[in-house]
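Reminder, nothing fancy here: chain letters follow the sequence lines and each chain counts from 1. Below, each value reflects all heavy atoms present in this structure, side chains not excepted, and no hydrogens, waters or symmetry copies.
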Protein chains: 2
Amino acid sequence: MSTAEETAGGEAQAWGEVTPDAARRLLIAAVEAFAERGYHATTTRDIAGRAGMSPAALYIHYKTKEELLHRISRIGHEKALEILRTASRREGSPTERLADAVSSFVRWHAGGRTTARVVQYELDSLGPDARAEILGLRRQVDAEVRGIIEEGVRSGEFEVIDVHGTTLAVLSLCIDVARWFSLDGPRTPEEVGALYADLVLRMVGAADAGAAASAATADRVPAAPAAPEDPQT
Amino acid sequence: MSTAEETAGGEAQAWGEVTPDAARRLLIAAVEAFAERGYHATTTRDIAGRAGMSPAALYIHYKTKEELLHRISRIGHEKALEILRTASRREGSPTERLADAVSSFVRWHAGGRTTARVVQYELDSLGPDARAEILGLRRQVDAEVRGIIEEGVRSGEFEVIDVHGTTLAVLSLCIDVARWFSLDGPRTPEEVGALYADLVLRMVGAADAGAAASAATADRVPAAPAAPEDPQT
DNA sequence: GCCGAAGGTGAGCGGGCGCTTAGCGCAGCC
DNA sequence: GGCTGCGCTAAGCGCCCGCTCACCTTCGGC
């Protein structure tokens with residue numbers, strides 16, 4: 001019916017926890033609209049329209065337009081954190097876990113590009129209180145990645161001079177995927193995840209970069225994809 | 001007088017080529033406002049106010065608010081391209097030139113964060129024609145970096161499986177600096193430039209990563225900075 | 001079969017938006 | 001020393017924004 005289910009609803013992100021059905025439809029419509037045009041350029045009429053409702057219906061389920069963004073942002077950050085925690089706490093060497101963390105984090109940013117865009121780039125549109133709450137989640141994300149890198153340095157697998165700076169760079173690399181990735185482009189989320197895991201292992205000086213990176217993406221081919229053209233940078 | 005000169009005007013970016021003085025003041029005010037709040041959340045009244053003029057004055061020098069963004073975006077992209085071309089065409093090995101390209105490109109994104117934010121993140125706010133023109137400049141930016149990497153692969157200095165993908169990742173890493181970097185943070189633009197040059201050389205498998213990266217940033221200390229805390233990610 | 005709550009609508013409010021227009025002050029020229 | 005034209009302002013137009021309110025439907029419980 002509406003395009004909401006095709007784009008944002010079709011992504012891996014479930015939004016299952018958002019409970020009255022109408023509230024969920026509105027939220028998915030908002031994710032789509034915010035990702036496409038940005039928070040400030042999106043009107044409440046547009047959101048309601050995408051969800052197949054009248055403009056006033058929005059205010060039955062949400063107090064303001066900003067509350068919608070806040071809810072999206074919190075759920076998205078919690079999902080991102082969960083992905084990294086899963087990779088970080090599994091069994092295996094720091095090399096394997098870092099490769100797993102990067103490849104799954106990248107897959108989430110690429111496959112759920114619509115959601116990830118809103119989550120990563122609309123932080124400044126939140127008010128001070130909501131913003132502060134989200135920044136707390138971001139610090140946990142940072143700590144999760146830094147933990148793996150520190151462990152790799154301790155075990156001697158990694159050779160990193162500036163752990164904080166390298167952590168920042170690794171996350172930066174993953175997050176920016178949401179800016180440039182397109183499902184119409186030549187690469188699948190899995191391919192980008194495998195490539196980026198390999199690049200990150202090189203960044204931290206892990207010995208068996210190629211092998212561990214491809215193992216983290218299971219049975220996918222990590223080598224150069226066949227398609228010749230890039231999406232815009 | 002206005003805050004425009006302190007923030008955007010104080011950056012490395014000259015804007016000297018924007019000729020009537022009033023037009024330049026308006027443009028600098030717009031860069032500031034767009035970087036702070038985003039294009040759509042910025043009002044023409046705000047821009048004019050920052051430049052110390054009445055709202056109507058804007059329309060003497062620019063046809064629309066979008067023309068301001070277009071001009072900023074084109075000048076910024078041309079500057080970015082010039083930086084990369086300078087590094088790419090100097091003497092030296094691919095390793096040295098890649099380190100130089102990355103460190104100077106990162107310095108521009110960090111030091112000129114206000115401008116870089118607008119240039120890198122407000123592309124979608126342009127109309128189709130302006131957008132297409134800017135995308136042409138972006139392809140040239142991409143080609144410049146890809147050229148250095150290809151040369152390093154040919155000479156045997158680099159070991160890269162997916163040249164297109166790695167080019168994308170290198171640019172991605174540099175560009176995302178504009179999102180998180182803060183002058184109030186623990187790192188100077190020079191330190192981030194040196195760190196990132198080192199990380200990129202590792203990504204392409206260059207042998208003497210550390211040495212060439214620090215050489216590219218002249219006499220700066222490339223090792224871990226003293227400050228303990230990170231800016232938000 | 002009636003009742004109240006839950007969830008929805010159509011119309012519209014106050015206000016701020018991008019942009020226009022009529023007119024003012026003043027430097028440069030004869 | 002009056003005239004012209006340019007840079008700028010004050011005022012405001014038409015529009016659409018986020019959000020509200022009075023009212024309407026639907027439906028489970030009795």
- Item | Cationic N near anionic O, under 4.0 Å, B:R131 to B:D124 | yes
- Strictly below 4.0 Å, heavy-atom distances to any atom of DNA chain D: list the hits from residues 62-70 of chain A, or just say none. A:T64, A:K65
- Task: Answer with yes or no whether A:R45 presents, from its side chain, a donor or acceptor under 3.5 Å of a partner atom in the base of D:dG18.
- Result: yes
- Note on the structure: On a heavy-atom basis, the closest approach of A:A197 and A:S103 is CB-CB, 4.1 Å
- Under a 4.0 Å N-O cut-off, is there an ion pair linking B:K79 with B:E82? yes
- Is it true that A:D142 and A:R138 make a salt bridge, defined as a side-chain N closer than 4.0 Å to a carboxylate O? no
- Query: Charged N to carboxylate O under 4.0 angstrom, B:R24 versus B:D21?
  - Reply: yes
- Task: Considering non-hydrogen atoms only, spot the tightest contact between B:E32 and B:R50 and give its length.
- Result: OE1-NH1, 2.8 Å
- Query: Starting at CG of B:D21 and ending at C1' of D:dC6, how long is that distance when rounded to a whole Å?
  - Reply: 16 Å
- Query: What is the distance from OH of B:Y59 to P of D:dG12, rounded to the nearest Å?
  - Reply: 19 Å
- Message: Quick one about A:E133 and A:H70 (side-chain donor to acceptor, distance below 3.5 Å, no hydrogens or angles considered), yes or no?
- Response: yes
Could you go over nucleotides 5-11 of chain C and give all protein N or O partners under 3.5 Å, atom names and distances?
from	atom 1	to	atom 2	distance (Å)
C:dG8	OP2	A:H61	NE2	2.8
C:dT9	OP2	A:S54	N	3.0
C:dT9	OP2	A:S54	OG	2.9

- Item | Rounded distance (Å) that lies between atom P of D:dC17 and atom OH of A:Y39 | 14 Å
- Message: If the helix axis at each end comes from five base pairs, how far does the helix from C:dG1-D:dC30 to C:dC30-D:dG1 deviate from straight, to 10°?
- Response: 0°
- Item | Distance-only polar pair, side chains of B:R179 and B:Q120, donor-acceptor under 3.5 Å | no
- Roughly how far, to the nearest 0.5 Å, is the CG atom of B:L58 from the OG1 atom of B:T43? 10.0 Å
- Any idea how A:F105 and A:W108 line up, ring-wise: parallel (<30°), tilted (30 to 60°), or perpendicular (>60°)? parallel
